[in-house]
Participant: 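I'd like to ask you about the structure that follows.
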Number of protein chains: 2
Amino acid sequence: MEFVGSASTQSCITQKRGRRVYGDDRDFKSKNLTAERRRREKLSNRLLTLRSLVPIITNMNKATIVEDAITYIEKLQMTVKVLSDQLLEMESSSEESERPRNDEINAAEEMKKHGIEEKVEVTNVDGCKLWIRIISKKKRSRITKFLEAMASHGFELSDTNVTTFKGATLISSCLNGVYSYKIEAEQVKELLQEIIKSI
Amino acid sequence: MEFVGSASTQSCITQKRGRRVYGDDRDFKSKNLTAERRRREKLSNRLLTLRSLVPIITNMNKATIVEDAITYIEKLQMTVKVLSDQLLEMESSSEESERPRNDEINAAEEMKKHGIEEKVEVTNVDGCKLWIRIISKKKRSRITKFLEAMASHGFELSDTNVTTFKGATLISSCLNGVYSYKIEAEQVKELLQEIIKSI
DNA sequence: ACTGACACGTGAACC
DNA sequence: TGGTTCACGTGTCAG
């Protein structure tokens, strides 16, 4: 686009503070003319790319482009906040059972007081059947986690009996092997100890 | 701020395309001078608020303000994408256990074949002690969910016995009331049926 | 005819 | 001192 007829491009007669005074029709070109042109173009391009990022555009004006960008950024920030809050809540709710609780600490003391010791017993009943007996500290959702862990290891429990007493939990159950090979009692005992320790 | 010394504010001698020609020193004020001033001020204010929204500011320039806003919006968009993906993944992973599985469908058929019916029995043992007996379809993590639900309702179970047989799960347990008032057997039975139905 | 938006060239100011 | 940014007033054009 060509710009013609601007008074600024014309020659000047008087100038309050400048040094250059022209009385003729000679065109004066400012030193930073092209630089200023570049600067304007840069800003315009940036505004264009900004507009391309914002999905909701009410107007094509420079001011409205920036305004829409502002509301969009605010919306994005709120979305990020809501999402991270939800994520944090889900994570904390899935981790809250791992937090030690007061009654769990009391459970350990009470067990000690009554002379109950943590114990894992595994007895072979027949070739692929074991009777297990576990005494451990009472702990929130320990039973559920234990059952889940056993299931994930491919064990099937039957006749499971759970009793909680004086801060201790007694689990006795019958373990049916699902593997074809013979179950080793000692091996299972170590695995049970590991499971109990980990949950 | 006062503006002095601009060549544009001075009187003009010639004009290529305009109609107004001044030869004297009379100051000419364009009609849209204040309007243009307002427009410029509006854009500047918008850019200022935009800058206040963007946390990382490399420069105070107009162009850099917009540039930083662009990168910030891109970052926010990516963050939203990552967060929503994570949330979606967590939700789908927490919902996958609710999907019916083949062995659960088989469980229902096997129960029917063997004439086992789902049942909830609640018997009063003494004032605040109930004996419960539940027969239901075998279902993945039903037991764990049941125990969790009971705990969340404030019930304490003892001497819990779980047996799984022919696609059915038998849970028998002793329920100790933690509330001061007397536990109504019928009330507990309805609650248990609700719990079993919901999990 | 009038209002709003824009690009333009320019001087001042700031490293 | 150069290079760069900014605000300014103005002409032009579209709705």
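Every chain is numbered from 1, with letters handed out A, B, ... down the list of sequences.
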Participant: If you compare every side-chain N and O of B/R40 against the phosphate oxygens of D/dG9 (OP1, OP2), does one of them come in below 4.0 Å?
Facilitator: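 Checking D/dG9 against B/R40, a side-chain N or O does come within under 4.0 Å of OP1 or OP2.
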
Participant: With a 4.5 Å limit on heavy-atom distance, are the side chains of B/V66 and B/L47 in contact?
Facilitator: yes

Participant: How about B/Q77 and B/Y72: do any of their side-chain heavy atoms sit closer than 4.5 Å?
Facilitator: no

Participant: How many whole angstroms separate atom CG of B/L33 from atom P of D/dG11?
Facilitator: 11 Å

Participant: Out of D/dG9, C/dT10, C/dC8, which has the shortest distance to the side chain of A/N32?
Facilitator: C/dT10

Participant: A/E36 has an atom CD; how far is it from atom P of C/dA12, in whole Å?
Facilitator: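 Taking CD of A/E36 and P of C/dA12, I get 15 Å after rounding.
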
Participant: In chain order, what residues pass the salt bridge (Lys or Arg N to Asp or Glu O under 4.0 Å) check against A/R40, with sequence neighbours excluded?
Facilitator: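 By the salt bridge (Lys or Arg N to Asp or Glu O under 4.0 Å) rule, A/R40 matches A/E36.
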
Participant: Please list all pairs passing the salt bridge (Lys or Arg N to Asp or Glu O under 4.0 Å) test where one or both residues lie in residues 67-84 of chain A, with sequence neighbours left out.
Facilitator: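 Sorted pair list: A/E67-B/R46, A/K81-A/D85.
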
Participant: Is there a side-chain contact between A/V188 and A/L175 in this structure, where contact means two heavy atoms from C-beta onward sitting under 4.5 Å apart?
Facilitator: yes

Participant: Hey, does the side chain of B/R39 come within less than 4.0 Å of C/dT3's phosphate (OP1/OP2), counting only N and O?
Facilitator: no

Participant: Measure CZ/A/R38 against P/C/dC8 and give the value in whole Å, please.
Facilitator: 14 Å

Participant: Quick check against the 3.5 Å criterion: does B/E121 have a side-chain atom that pairs as donor or acceptor with the backbone of B/I134?
Facilitator: no

Participant: Where along residues 41-64 of chain A does a heavy atom come under 4.0 Å from DNA chain D, residue by residue in number order?
Facilitator: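 Those residues are A/K42.
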
Participant: Under 4.0 Å from OP1 or OP2 of D/dA7: is there any side-chain N or O of B/R37 that close?
Facilitator: no

